[in-house]
Amino acid sequence: IYPALSPDDLVSTPVERSWTIPSAWYTDPAFHALDRDAVFARTWQGVGHLAQVQEPGMFFTTTVADSPVIVLRDKEGVLRAFYNVCRHRGGPLATAATGCVKALTCQYHGWTYLLDGSLRGVPRWDRVDLFDKKDYGLVPLRVETWQGQVFVNLDADAAPLAATMQGIAERIAPVRIDELTLMKRIDYEVGCNWKVYVDNFLEAYHVPRAHPGLHALLDYKRYVVEPRGPVGEPAKPSTAAAPGVPMTAMYRTPAAGTKVLPAGAAAVEPPVKLSSDSDQLRHQRRISASRLTAVEPNSTQSSGLLKR
């Protein structure tokens, strides 16, 4: 089901001698499965904010690598993530985007799970032999946080999130994203393959014409892209600033992007959400916009996401 690739196809070259990847990598439906299984299912994916799961019972749902996921806070205060499917016939548990519950109940047959994932109630199942509820709890997923952001990884053997996010906190200091307040969440779809969207962040060639407002904030001649590792692990940080006007954009493709703009505004961009469309021409990004609680509302804005 995967496209045929040779080791030579994946060799990295210095950016001065690099070429854009073949067009088929953006349009061939076979690459959808490869991207899903080799990239999105094996890397840390930004899925939300701790403000969405502050109290016991609070949850939010999302999709990672075409798999339904639920992130919640259990009654003991432990942050957990599970596949959002019942162990019986794969029926949905939570169907709302967010909410607060005391337990999770399958919408198909009514199986009920406690917030720690253990199976509690199985209606009309008392005559089934060789069945033990403790063997049929929800399938857990790895979930970790970084500066107030929640990340999930479908790969149980992946390195800790800290390895992926290494160096970002130091680069954006003194701003601390975990001291920001979640303002709002915006979902939007872009009519292109996800790699086209990521490519856009790897250069500033388009900024003077496409983003004149941003261009006015930056010292364009000092804009630098620093590749740090393969796609899916660390990195595409870029920094540029006019004298006295710090601006940093850090990308851990495809885990998350962090933009820290003048006056302390910040936007945290969780990753692309893989579309299941066979032509792979659409994808979705989820953006959580935040601002410093110590800053007056009319003093900051971030890429139009924070109102003046």
Side-chain angles (χ1 to χ4, degrees), residues 44-56 58-62 64 71-73 77-79 81 97-100 143-153 160-188 201 211 213-214 217-218 234-242 244-273 284-308:
W44 289 98
Q45 299 298 305
V47 293
H49 191 278
L50 281 175
Q52 299 172 270
V53 283
Q54 283 183 316
E55 302 296 332
M58 293 179 68
F59 73 85
F60 64 84
T61 57
T62 186
V64 175
V71 177
L72 57 81
R73 182 81 61 181
V78 178
L79 184 67
T98 61
C100 187
V143 57
E144 296 185 19
T145 64
W146 179 84
Q147 295 223 356
Q149 309 301 308
V150 180
F151 292 78
V152 167
N153 198 321
L161 173 63
T164 295
M165 309 305 286
Q166 183 177 5
I168 296 183
E170 292 77 13
R171 293 290 291 270
I172 66 176
V175 172
R176 288 186 56 90
I177 299 174
D178 54 353
E179 295 176 351
L180 306 182
T181 299
L182 181 67
M183 292 290 290
K184 63 181 177 179
R185 181 185 180 99
I186 300 175
D187 293 356
Y188 62 95
F201 287 116
H211 307 297
L214 178 61
L217 291 175
L218 307 179
K236 271 79 185 173
S238 60
T239 59
V245 184
M247 183 271 188
T248 301
M250 303 286 292
Y251 297 96
R252 288 297 187 261
T253 307
T258 302
K259 297 178 182 177
V260 180
L261 303 176
V268 178
E269 301 186 2
V272 294
K273 179 181 178 183
Q284 187 177 67
R285 289 183 63 89
R286 299 184 180 277
I287 293 184
S288 301
S290 308
R291 68 173 173 85
L292 282 168
T293 55
V295 179
E296 292 299 319
N298 61 358
S299 65
T300 67
Q301 70 177 41
S302 176
S303 302
L305 296 176
L306 302 181
K307 296 181 180 179
R308 184 177 294 278

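Quick caveat, the model's predicted, so the values are computed rather than measured.
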> Please give me the minimum heavy-atom distance between V53 and L72, naming the atom from each residue.
CG1-CA, 4.1 Å
> Indicate yes or no: at least one non-hydrogen side-chain atom of L50 is less than 4.5 angstrom from one of L79.
yes
> Test your reading of the model: is there a side-chain donor-acceptor pair from R73 to the backbone of M58, 3.5 Å cut-off?
no
> Locate the shortest heavy-atom distance separating Q149 from I177; write the atom from each residue and the value.
NE2-CG2, 3.7 Å
> Which heavy atom of L161 sits nearest to which heavy atom of W146, and what is that distance?
CD2-CB, 3.8 Å
> To the nearest 0.5 angstrom, please state how far the CD atom of E144 sits from the CG atom of N153.
8.5 Å
> So which atom in H49 and which in F60 form the shortest heavy-atom distance, rounded to 0.1 Å?
O-CE2, 4.3 Å
> Taking all non-hydrogen atoms of both residues, which atom of C100 and which atom of P56 are closest, and how far apart?
SG-O, 3.7 Å
> Applying the side chain to side chain contact (heavy atoms under 4.5 Å, CB included) test to I168, which of M165, R171, E170 qualifies?
M165
> Please find the pair of heavy atoms, one from A81 and one from V152, that lie closest to each other, and give the distance.
CB-CG2, 4.0 Å
